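In this chain, numbering begins with 1 at the start of the sequence shown. For clarity, every value in this text was computed on a predicted model and none was experimentally measured.
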Amino acid sequence: ALGDVAQGEVSVHYQTRFPENLVKLVSRDGAALASVEAEVRARLGSSIYGADDESLAAVVGAALRAKGATLALAESLTGGLVGHLVTEVPASSAYLRGAIVAYADDAKRALLGVPQELLDRHGAVSEETARAMAEGARRAFGTTFGVATTGIAGPGGGSAEKQVGTFNVAVAGPEGAIARHRVYPGDRERI
């Protein structure tokens with residue numbers, strides 16, 4: 001919570017503009033604004049990726065362009081939404097090589113090379129599968145990085161072990177692959 005950082009003439013506002021959450025500081029006092037901004041940046045740390053009108057997709061795209069890096073996507077849970085967000089950025093063709101929407105397990109195997117044994121052991125909704133998907137996208141398109149999503153958006157399909165809202169994302173690059181597991185509340189669209 002950032003409610004306690006407002007000082008005098010500075011107010012803190014929040015806005016969700018899918019897929020991002022925005023924090024807006026408003027003031028006519030430049031010195032007070034700078035002080036509050038410094039505190040907000042200190043509290044939010046690495047959750048901040050940009051300022052003003054910078055979207056996450058644009059910031060990531062600029063970083064890829066600056067490094068001469070390329071990107072491939074493998075989507076299951078998001079069904080092409082990540083690709084849509086990436087291609088909304090002008091000149092994204094400079095780094096995005098392609099995307100595979102592999103919703104079914106047989107598509108994950110055939111198009112991304114996800115081993116059947118991995119799917120049997122961990123399931124399609126797992127960090128392990130997300131990593132394999134990201135590596136498969138990277139391999140399929142010959143890119144610097146691969147990003148993958150898999151999960152359960154609901155309203156059905158969940159279980160005690162893997163509930164609706166389960167989300168796994170992975171990034172594969174030259175130094176290996178990492179994955180993260182989260183569970184988000186909400187309806188299908190929000191998840």
Please say yes or no: joined through hydrophobic side-chain contacts below 4.5 Å, possibly via intermediate residues, are [X] and [Y] part of one cluster?
X	Y	value
Leu25	Ile48	yes
Leu73	Leu85	no
Val23	Leu33	yes
Val125	Tyr184	no
Tyr14	Val26	no

Would you check if [X] and [Y] make a side-chain contact, meaning some heavy-atom pair closer than 4.5 Å?
X	Y	value
Val89	Leu96	no
Val183	His181	yes
Val40	Glu37	no
Val60	Tyr49	no
Arg109	Pro115	no

For [X] versus [Y], what's the shortest heavy-atom pair and its separation?
X	Y	value
Ala148	Ala134	CB-N, 3.4 Å
Gly151	Leu77	N-CB, 3.4 Å
Val164	Gly156	CG2-O, 4.0 Å
Ala102	Lys108	O-NZ, 2.9 Å
Glu20	Leu56	OE2-N, 2.5 Å
Asp29	Ser27	N-OG, 2.9 Å

Under 3.5 Å, is there a donor-acceptor pair between the side chain of [X] and the main chain of [Y]?
X	Y	answer
Arg188	Gly154	yes
Thr150	Ala124	yes
Lys24	His13	no
Glu75	Leu81	yes
Gln163	Ala160	no

NZ/NE/NH1/NH2 to OD/OE distance under 4.0 Å, Arg43 and Glu39: yes
Whether over 12 other heavy atoms sit under 6.0 Å from Asp53 CG: no
Whether over 12 other heavy atoms sit under 6.0 Å from Glu189 CD: no
Stepwise side-chain contact (heavy atoms from CB on, under 4.5 Å) test for Val171 and Phe145: CA-CA 7 Å; Val171 177; Phe145 297 99; 4.3 Å; yes
Pairing residues for Arg65 by the salt bridge (Lys or Arg N to Asp or Glu O under 4.0 Å) criterion, not counting sequence neighbours: none
Fellow cluster residues of Met133, listed by chain then number, with links counted only when side-chain atoms sit under 4.5 Å apart: Ile100, Leu111, Leu112, Val114, Leu118, Leu119, Phe141
For Thr70, side chain to side chain donor-acceptor pair (under 3.5 Å) partners two or more places apart: Thr144
Residue pairs involving residues 88-102 (criterion side-chain hydrogen bond (donor to acceptor under 3.5 Å, both in side chains); sequence neighbours excluded): His84-Glu88
Residue pairs passing the side-chain hydrogen bond (donor to acceptor under 3.5 Å, both in side chains) test where at least one lies in residues 128-142, sequence neighbours excluded: Ser126-Thr129
Sequence neighbours excluded - salt bridge (charged side-chain N to carboxylate O under 4.0 Å, His left out) pairs with any residue from residues 154-182: none
